[in-house]
Every structure is written in C-alpha cells, then in structure tokens.
Number of protein chains: 2
Amino acid sequence: MFDFQQRGGFLEKYLFILKGCPFFSGMTEQEILTILHCMDAQVKKMDRNAYIFRAGESTETMGLVLSGSVLVIQEDLWGHRNILAKVLPGDFFGESYAATPGSVLNVSVVANEDTEVLMLNVNHLLTTCQNACTHHNHLIRNLVSVLAGKVLQWDSKITHISKRSTREKLLSYLSSESIRQGKLAFDIPYDRQQLADYLSVERSAMSAELSKLKKEGILDTQKNHFVLRGIPE
Amino acid sequence: MFDFQQRGGFLEKYLFILKGCPFFSGMTEQEILTILHCMDAQVKKMDRNAYIFRAGESTETMGLVLSGSVLVIQEDLWGHRNILAKVLPGDFFGESYAATPGSVLNVSVVANEDTEVLMLNVNHLLTTCQNACTHHNHLIRNLVSVLAGKVLQWDSKITHISKRSTREKLLSYLSSESIRQGKLAFDIPYDRQQLADYLSVERSAMSAELSKLKKEGILDTQKNHFVLRGIPE
DNA sequence: ACAAGTATGTTTGATTTCCAACAAAGGGGT
DNA sequence: ACCCCTTTGTTGGAAATCAAACATACTTGT
C-alpha cells in the first residue's frame with residue numbers, strides 16, 4: 001500500500017479517471033486532490049485473485065478501481081461462486097458497507113486481474129469537517145448519485161436472475177446489455193464461467209442453451225462478443 | 001391526493017412515524033415540517049392492489065409508507081410476479097429512481113392492503129435551495145444512509161435467490177430473518193404465494209419443501225410464523 | 001513449434017423444478 | 001351453521017437443470 005500524496009506518479013497517471021468519475025463530477029483537479037487527502041486516499045496494487053474485502057469483515061473505506069477490474073462475489077465453502085458484479089475502472093465497490101457503520105460485509109471482493117484500486121475513507125467524508133470543506137456537501141450529493149445508481153444496477157441484476165429458466169436469464173441479461181450499450185453487437189465483461197456465476201446457472205447447461213439459441217438464429221456469439229438478431233418471423 | 005399542509009389531521013397522526021425514520025433522524029418536529037413543505041409532501045391514500053408506480057414510468061418523487069404496506073414487484077404479461085421487497089411503515093420506496101434523473105422504473109409498486117403513503121420530491125432536496133435550508137445537507141446525509149441500507153438489503157436478497165435449490169433458498173432467507181430479528185421464533189411479512197414470489201420459486205414446490213423440512217425437524221411453521229430448530233445431530 | 005493449462009462445447013443419467021389439478025384447511029359474511 | 005372464497009398442502013407427469021465426464025478449441029510460456 002502506498003501513500004497517495006507521496007507518489008506523484010500515480011496521481012498524474014490516474015487523475016483523468018477521477019475527473020471522469022461521477023463521484024468527482026463538477027470538481028477541479030485541485031479540489032479533487034484536497035478531497036483525496038481528506039479521505040485518506042491510498043493506492044493499493046493487487047495481484048490477480050487477491051482479496052480486497054472478505055465477507056464477514058467490516059470496513060470504513062470504499063474502493064475505486066483505477067486499472068484492471070475486480071469481482072464482487074459470494075462464495076460458499078463448496079466452491080459455488082456467485083458473481084454480483086464486475087467493477088471496471090472509474091467505478092466503486094464497498095461504498096454501501098463503508099457508509100453503513102456497524103455493517104458486516106455480505107460479499108467478498110477479489111482482483112479479477114492485476115489491478116490498482118484507490119481506497120477512500122467514507123467516514124471522513126460523512127462525519128468530520130463538514131463545515132471546513134465546502135466541497136464535502138457537493139461530494140455527499142455525488143455519493144447519493146453513486147448509491148442510487150448501484151441500486152438500479154442491482155434491480156436489473158435481480159431482474160435477470162429472477163427469471164425461471166436458463167434461456168430467459170440469458171436473454172434478459174443480453175438484451176439489457178444490448179440496450180445499455182445501444183447496439184445489437186456488443187461485448188460482455190464475462191467469460192462463460194463468470195457469466196454462469198453471474199446468472200446463477202450451471203455453466204454446461206448455459207453453454208448448451210447458447211448453442212440452441214445460435215441454431216435457432218436468435219443470436220450469434222464468439223467468446224465474449226454477442227450479436228442479437230431478434231426472433232425470426 | 002391531499003395537500004399535506006392543509007390536513008393537520010394526518011400530520012399529528014403520522015409525525016411520530018417520521019420522527020422514528022432514519023431519513024429524519026436528528027431533526028425536530030418543526031424542522032421536519034419545514035422539510036415536508038420544501039419537498040412538496042403529499043399524502044396519498046391507496047386501495048389494496050392500486051398501483052403507485054408502474055414499470056416504464058419515471059418519477060421525481062419517492063414514497064414513504066405511513067400505514068399499511070406496499071410491494072415492490074416486477075411482473076411479466078403472463079402473471080409471473082417477482083416480489084423484490086415488502087415496504088412497511090417508516091420505510092421508503094422509489095428513492096433510487098427519484099434520485100436518478102432520466103431513469104426509468106424497472107419495478108412497479110402496488111399497495112398490498114389499504115395504505116397511506118407520503119410522496120416526497122427528491123429533486124427539490126437535491127437541486128434547489130441548498131443554501132437557504134441548513135437542514136438540507138443534513139437530510140442528504142441521511143439519504144446516503146437510506147440508500148446504502150437499500151443496497152445492503154438488495155445484497156441479501158441476491159444471496160437468497162442465487163441459491164440453486166428451493167430448500168437452500170428457503171433456509172438462506174429464513175436463517176437471515178432469524179438472525180435479523182434476533183430470535184429462532186419469528187414472523188415473516190409474506191404469505192406462501194408471496195414468499196415463493198420473493199424467492200423466485202414455485203409455490204407448490206416450496207410448500208412441499210417446507211413440509212419436508214418440518215418432517216425432518218429442521219423447522220416448524222404455521223401460517224407466517226416460523227421456528228428454526230437447527231439441524232438435529 | 002510444442003506442451004501444458006485453461007476455456008468452451010457436448011453428452012448423459014440422476015435429480016429437481018415446473019405446472020396443473022385437486023384436496024384440505026381456514027376466514028368472513030350472512 | 002352454512003356457503004363462498006382464499007390460502008395452503010399434496011400429487012404425478014412433463015420438462016428443465018444439475019453434475020460429472022469427456023472432447024475440442026484456444027492460450028500461454030518456453
């Protein structure tokens with residue numbers, strides 16, 4: 001772990017990510033730097049498969065992915081892994097637990113590849129120096145947007161996994177991704193095993209269902225690239 | 001729909017609920033009244049099964065249940081109903097959509113019984129009169145807690161419905177309710193059909209599974225009262 | 001180019017869920 | 001007490017999923 005202020009290199013490298021992040025929207029570079037100091041920002045470099053949070057812990061800090069990606073997961077002792085979300089650069093994880101004093105993590109967070117994350121203390125934002133920094137109120141307002149967006153994201157995940165059949169889950173997820181990205185041809189951030197874990201189905205059954213959908217001409221796919229064709233008339 | 005300020009009756013009747021609500025925590029009665037006016041508060045009386053929000057709409061207002069209860073649901077055209085949550089007096093619904101400009105409701109909200117709800121305009125809180133009312137920043141801070149709590153609630157719902165079998169879903173939900181309420185004997189807010197819709201399983205299969213669990217001595221239940229016994233050794 | 005490891009697709013039988021129909025139990029109103 | 005309506009439990013056949021095994025790409029490192 002590195003102190004953010006002492007490593008100018010990181011700063012120049014990633015400031016453009018922070019500027020594009022909803023949480024820092026409407027702030028100048030200098031204001032962002034001030035805030036990073038207030039929130040005790042620290043950069044962590046994580047190797048692939050390293051745990052950033054473990055279910056059962058509690059935390060005052062939230063994470064912001066700078067490079068690479070992390071998976072928010074739940075896993076039981078027998079290898080079943082449930083993927084709640086993949087978090088890409090510019091997006092947060094753990095913010096809801098950090099913002100809820102006394103809460104216990106119901107999820108784990110692991111690096112999906114070699115990853116750099118920025119850890120930010122939310123309590124410093126919520127409970128101290130409310131008057132001193134005029135930016136704090138602005139940031140808390142931004143935090144509302146971040147949290148509301150997370151709820152909406154969760155709503156749509158629940159939409160997918162509430163479907164009863166593997167086929168419906170696939171089509172629910174794929175069509176929503178297609179709409180979100182605004183095109184019928186798009187990439188998804190998951191490989192087959194991860195997609196199965198995201199949709200809570202068996203990989204082999206899902207693979208079989210994808211083959212069926214291909215044969216029926218409803219979609220085409222190679223690796224993580226998908227093309228939806230709609231239902232032929 | 002009634003104007004809140006003109007109906008003192010409602011006010012006295014429900015102010016104690018508002019005072020106990022996390023969103024208004026740390027505020028005096030007079031401050032709450034001021035806020036209600038700022039947020040254009042209006043009381044709505046809804047008959048059982050009436051829709052408060054419909055999927056596809058968008059909204060600037062969030063709802064607070066005063067009496068009765070509402071269900072947050074998703075339904076397809078062929079009667080499949082997925083219950084995301086039951087909202088009891090003192091709790092919010094729709095706040096994430098109201099706090100996300102341009103968002104479209106992915107859920108519907110229906111009155112589960114004859115219900116009174118308070119509708120509050122979130123935009124008035126987030127975008128106007130930030131300087132005038134010192135309470136606003138306090139409220140936005142409280143809104144962060146409300147939203148973070150909603151994410152945690154969603155996390156735990158995802159935990160339950162991600163389980164692969166009906167039995168696991170039941171036990172996941174029931175044990176978490178038991179822990180949440182701090183006792184092995186507890187009531188749940190759902191009848192059998194609603195519980196099945198909440199866990200995304202078939203009612204009849206769930207009923208059969210409950211019978212098995214009873215026979216095995218793992219739990220006991222009559223109507224919506226449950227007693228967990230743990231797995232016998 | 002090769003080998004080893006990983007990811008994806010396919011198949012199979014056992015298990016589970018779904019679905020519809022029906023039976024039994026409870027509630028409310030007259 | 002009676003009937004009607006809702007809720008809950010039970011059953012059985014059809015369909016889907018799970019889980020394990022295997023085959024076939026595709027990667028990666030040497």
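Order of the sequence lines sets the chain letters (A, B, ...), proteins ahead of strands, with each chain counted from 1. Worth saying up front: this structure is predicted, and the values here are computed from it rather than measured.
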Spacing between [X] atom [atom1] and [N] atom [atom2], to the nearest angstrom:
X      : N      : atom1 : atom2 : value
A:K163 : D:dA16 : NZ    : P     : 17 Å
B:I188 : D:dT8  : CD1   : C1'   : 13 Å
B:M206 : C:dT16 : CE    : C1'   : 16 Å
B:R164 : C:dC18 : CZ    : P     : 14 Å
B:E202 : D:dA16 : CD    : C1'   : 13 Å
A:D76  : D:dC18 : CG    : P     : 14 Å
A:Q222 : D:dA25 : CD    : C1'   : 13 Å
B:E168 : D:dA19 : CD    : C1'   : 14 Å

Under the salt bridge (charged side-chain N to carboxylate O under 4.0 Å, His left out) rule, collect the residues that match up with [X], sequence neighbours excluded.
X      : answer
A:K19  : A:E29
A:D220 : A:R229
B:R81  : B:E75

message: Using OP1 and OP2 only, check whether a side-chain N or O of A:H80 sits under 4.0 Å from D:dA19.
response: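 Yes, within the criterion.
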Protein-nucleic acid N or O pairs under 3.5 Å, nucleotides 6-15 of chain C:
from, atom 1, to, atom 2, distance (Å)
C:dT8, OP2, A:R192, N, 3.0
C:dG9, OP2, A:R192, NE, 3.0
C:dG9, OP2, A:S207, OG, 2.8
C:dG9, N7, A:R203, NH1, 3.1
C:dG9, O6, A:R203, NH2, 3.1
C:dT10, OP2, A:S211, OG, 2.1

- request: Please check if the side chain of A:Y190 supplies one atom and the backbone of A:D197 the other of a donor-acceptor pair under 3.5 Å.
  value: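 No: the side chain of A:Y190 does not pair with the backbone of A:D197.
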- prompt: How sharply is the helix from C:dA1-D:dT30 to C:dT30-D:dA1 bent, taking the axes over five pairs at either end and rounding to 10 degrees?
  reply: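 Comparing the first five pairs with the last five, the axes sit 50° apart.
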Under the salt bridge (Lys or Arg N to Asp or Glu O under 4.0 Å) definition, can you give me all pairs with a residue in [range], not counting sequence neighbours?
range                       : value
residues 156-174 of chain B : A:E202-B:R164, B:R167-B:E209, B:R167-B:E216
residues 59-73 of chain A   : none
residues 175-189 of chain B : B:E177-B:R180

query: Partners of B:F186 by ring pair (Phe, Tyr, Trp, His ring centres under 6.0 Å), sequence neighbours excluded?
result: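 Partners of B:F186 by the ring pair (Phe, Tyr, Trp, His ring centres under 6.0 Å) criterion come out as none, since no residue qualifies.
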field: Sequence-distant partners of A:F92, ring pair (Phe, Tyr, Trp, His ring centres under 6.0 Å), two or more places apart
entry: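 So A:F92 forms a ring pair (Phe, Tyr, Trp, His ring centres under 6.0 Å) with A:F23.
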- request: Report the residues that fulfil side-chain hydrogen bond (donor to acceptor under 3.5 Å, both in side chains) with A:T100, sequence neighbours left out, ordered by chain and then residue number.
  value: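 Once residues adjacent in sequence are excluded, A:T100 has no partner under the side-chain hydrogen bond (donor to acceptor under 3.5 Å, both in side chains) criterion.
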message: Using a strict heavy-atom distance below 4.0 Å, which residues from residues 170-178 of chain A are in contact with DNA chain C?
response: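 Within this stretch, nothing sits under 4.0 Å of the strand.
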- prompt: With respect to B:L219, which candidate in B:V227, B:L174, B:L170 satisfies the side-chain contact (heavy atoms from CB on, under 4.5 Å) definition?
  reply: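 With B:L219 as partner, side-chain contact (heavy atoms from CB on, under 4.5 Å) holds for just one option, B:L174.
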